[in-house]
K.L.:
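Provided herewith is a single structure, encoded as structure tokens, for subsequent inquiry.
For the numbers below, each heavy atom of this structure counts, side chains included, while hydrogens, waters and symmetry mates do not. Start at 1 and go down the list; that is how both ligands and their atoms are numbered. By convention here, the first residue in the shown sequence is residue 1.
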Amino acid sequence: MAEQLIISVSGMRGIIGENLTASIAVEYGFAFGTYLKNNRQRNTRDTAEDTMSVCIGMDSRPSGEMLKSAVTAGLCAVGIDVVDLGIVTTPCVGVMVRELGCAGGIVITASHNPIAYNGIKLLLGNGVAPPAPEAEKVKRCFLERNVSLADSVHCGRVTCSDRTDATHIAKVLAIVDKDAITAKKFKVVLDSVNGAGGRITKKLLAEFGCEVSAINDEPTGLFAHGPEPTAANLTGLCEAVSSGRADIGFAQDPDADRLAIVDENGTYIGEEYTIALAAKYIFSKRTGNAVTNLSTSRMIDDMAGKTGGKVIRTAVGEANVAAAMLENDCIIGGEGNGGVIDLRVGPVRDSLVGIALVMQLMVETEKTISQLAGEIGGYYMSKDKFPADQDQARQILESAKEVFTEAKLETTDGCRFDFDDGWLHLRASNTEPVMRIIVEAKDRPTAQKYIDQVTTIRTRVLAR
Ligand code: MG
């Protein structure tokens, strides 16, 4: 059976040639443009007389041009001007939407999904994905085809901008001490999986005076390995770091919002460490609070706690984290999948921010990545999923609440149970009939104890 087209808070994602087609993309362009026009009175940057614009970028997938052209046509047809940014990263669009004063932004990307997929990710004028109620309005415009087409004179126009890389890099350089990093002449291996990250990241590393060995840096969209920056997909990077005696290896996903790190021994340290290391540097310099989701490692709490900072936990999803950061004016945020957010650059997970902050940490501490990871680690974490429909998921959560009565309970997004020696997060997926189980504890046997208790609950519920 063909998979369904997914329409969620972050936009639309599907399989090219099956459920995500040019005509669907045109209609999604109609819908997003109509939504923006309907909302213009709430957008202080626009008045009714002004034209509105949307900037659009894409990762390197071969289907990107087709989707970008189709969405652009849809936007122009409802009277929205479009600024074409070409092949750029997702955080680049987050930067440019604000830099250009656009009413919205669009990224043509399916992030870490395989090449068969592509997607249309939406950003509002503040650079953040629409909150759920606004995303619902866009979805309604799309499903009900409730759109208003412009006449011949008022169709939108298309322009291009080639300022993206320079604008974004300048913002990243401003949050670190470029000269101090440059003095270290770091030897770096970069794996951009032939996605959108290669070009701009090589420019940033050149600014930092690094000796760079780039692999999979051509933006062909033909991914050289599985596109998710996980250990199994990064054996080539690990090998290149160790054989090249590099100081560090960086891996990006195709739209370069996620960053994974390989230490100087060629060991993949795990995506959870990216946000923790970035937070370690930020909290060594600034006072304030952090935001992350309920499934992210406690390491960030340890970093914040050293200077009296707090960590606000949100439901899983970049938009939730970014919104909480803006609302609480937080100094660092992100998610445990390697996504780091610094609002001084933009409210979007950004691998370039992660790279800059981690290199600055190496400079300040004069320590290697393996030493730094060793200092902040020491937990055991397990992430898994199992089949459960909505009703089963609800019953499992109810049973878990009866079992884990001694834990501190948080129910913003499924159930998160905090124990003295670890935590457990159980949540139903928004996009597939599975439950995710994330456990972190002081050691493996403790984590296994909680996993086994959930298995018992599951078995009981599924036998009903
Ligand atoms: Mg991504």
Side-chain angles (χ1 to χ4, degrees), residues 6 8-14 16 20 56-61 63-64 67-68 85 87-97 105-123 127-129 164 168 190-201 216-217 219 221-234 237 250-261 270-272 274-275 278 292-293 295-296 316-322 333-342 345-355 383 429-431:
I6 296 166
S8 70
V9 281
S10 45
M12 177 181 274
R13 191 173 292 186
I16 295 297
L20 184 50
I56 184 166
M58 57 183 242
D59 73 19
S60 58
R61 283 176 167 80
S63 56
L67 279 186
K68 188 182 71 176
L85 305 176
I87 294 180
V88 294
T89 69
T90 291
C92 278
V93 179
V95 166
M96 292 308 280
V97 73
I106 289 180
V107 198
I108 306 296
T109 180
S111 190
H112 57 275
N113 287 73
I115 191 167
Y117 290 80
N118 211 334
I120 305 169
K121 186 179 159 100
L122 308 178
L123 300 177
V128 183
T164 307
H168 189 178
L190 171 69
D191 182 346
S192 305
V193 69
N194 293 331
R199 184 191 66 224
I200 187 170
T201 312
N216 309 320
D217 59 328
L222 303 173
F223 305 136
H225 51 70
E228 196 163 16
T230 53
N233 292 330
L234 298 176
L237 175 63
F250 292 120
Q252 299 165 309
D253 72 335
D255 63 323
D257 57 350
R258 287 169 61 178
L259 177 74
I261 295 171
E271 284 181 284
E272 291 285 336
T274 308
I275 178 68
T292 193
N293 70 38
S295 288
T296 297
V316 172
E318 176 182 34
N320 301 316
V321 173
E335 298 189 285
N337 60 5
V340 180
I341 302 175
D342 188 318
V345 176
V348 178
R349 293 178 306 208
D350 189 343
S351 59
L352 270 64
V353 166
I355 287 170
K383 302 179 185 185
S429 164
N430 296 323
T431 52

K.L.:
For S63 and N118, does a side-chain donor sit closer than 3.5 Å to a side-chain acceptor?
P.N.:
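A donor-acceptor contact under 3.5 Å links the two side chains.
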
K.L.:
Under the rule for side chain to side chain donor-acceptor pair (under 3.5 Å), what residues qualify as partners of T292, not counting sequence neighbours?
P.N.:
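Per chain and number, T292 pairs via side chain to side chain donor-acceptor pair (under 3.5 Å) with T296.
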
K.L.:
Could you tally the protein N/O/S atoms lying less than 2.8 Å away from the Mg ion (ligand 1)?
P.N.:
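My tally for this metal is 4.
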
K.L.:
For the residue pair V193 and D253, establish whether any side-chain heavy-atom pair is separated by less than 4.5 Å.
P.N.:
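The answer is no; the side chains never approach within 4.5 Å.
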
K.L.:
Under the rule for side chain to side chain contact (heavy atoms under 4.5 Å, CB included), what residues qualify as partners of A256, not counting sequence neighbours?
P.N.:
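Only T89, Q252, S351 meet the side chain to side chain contact (heavy atoms under 4.5 Å, CB included) criterion with A256.
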
K.L.:
List for me each residue that meets side chain to side chain contact (heavy atoms under 4.5 Å, CB included) alongside S429, sequence neighbours excluded, and say none if there are none.
P.N.:
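So S429 forms a side chain to side chain contact (heavy atoms under 4.5 Å, CB included) with T431, E432, V434, R436.
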
K.L.:
Could you point out which residue of V93, T109, I108, V88 forms a side-chain contact (heavy atoms from CB on, under 4.5 Å) with D255?
P.N.:
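Among V93, T109, I108, V88, the one meeting side-chain contact (heavy atoms from CB on, under 4.5 Å) with D255 is T109.
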
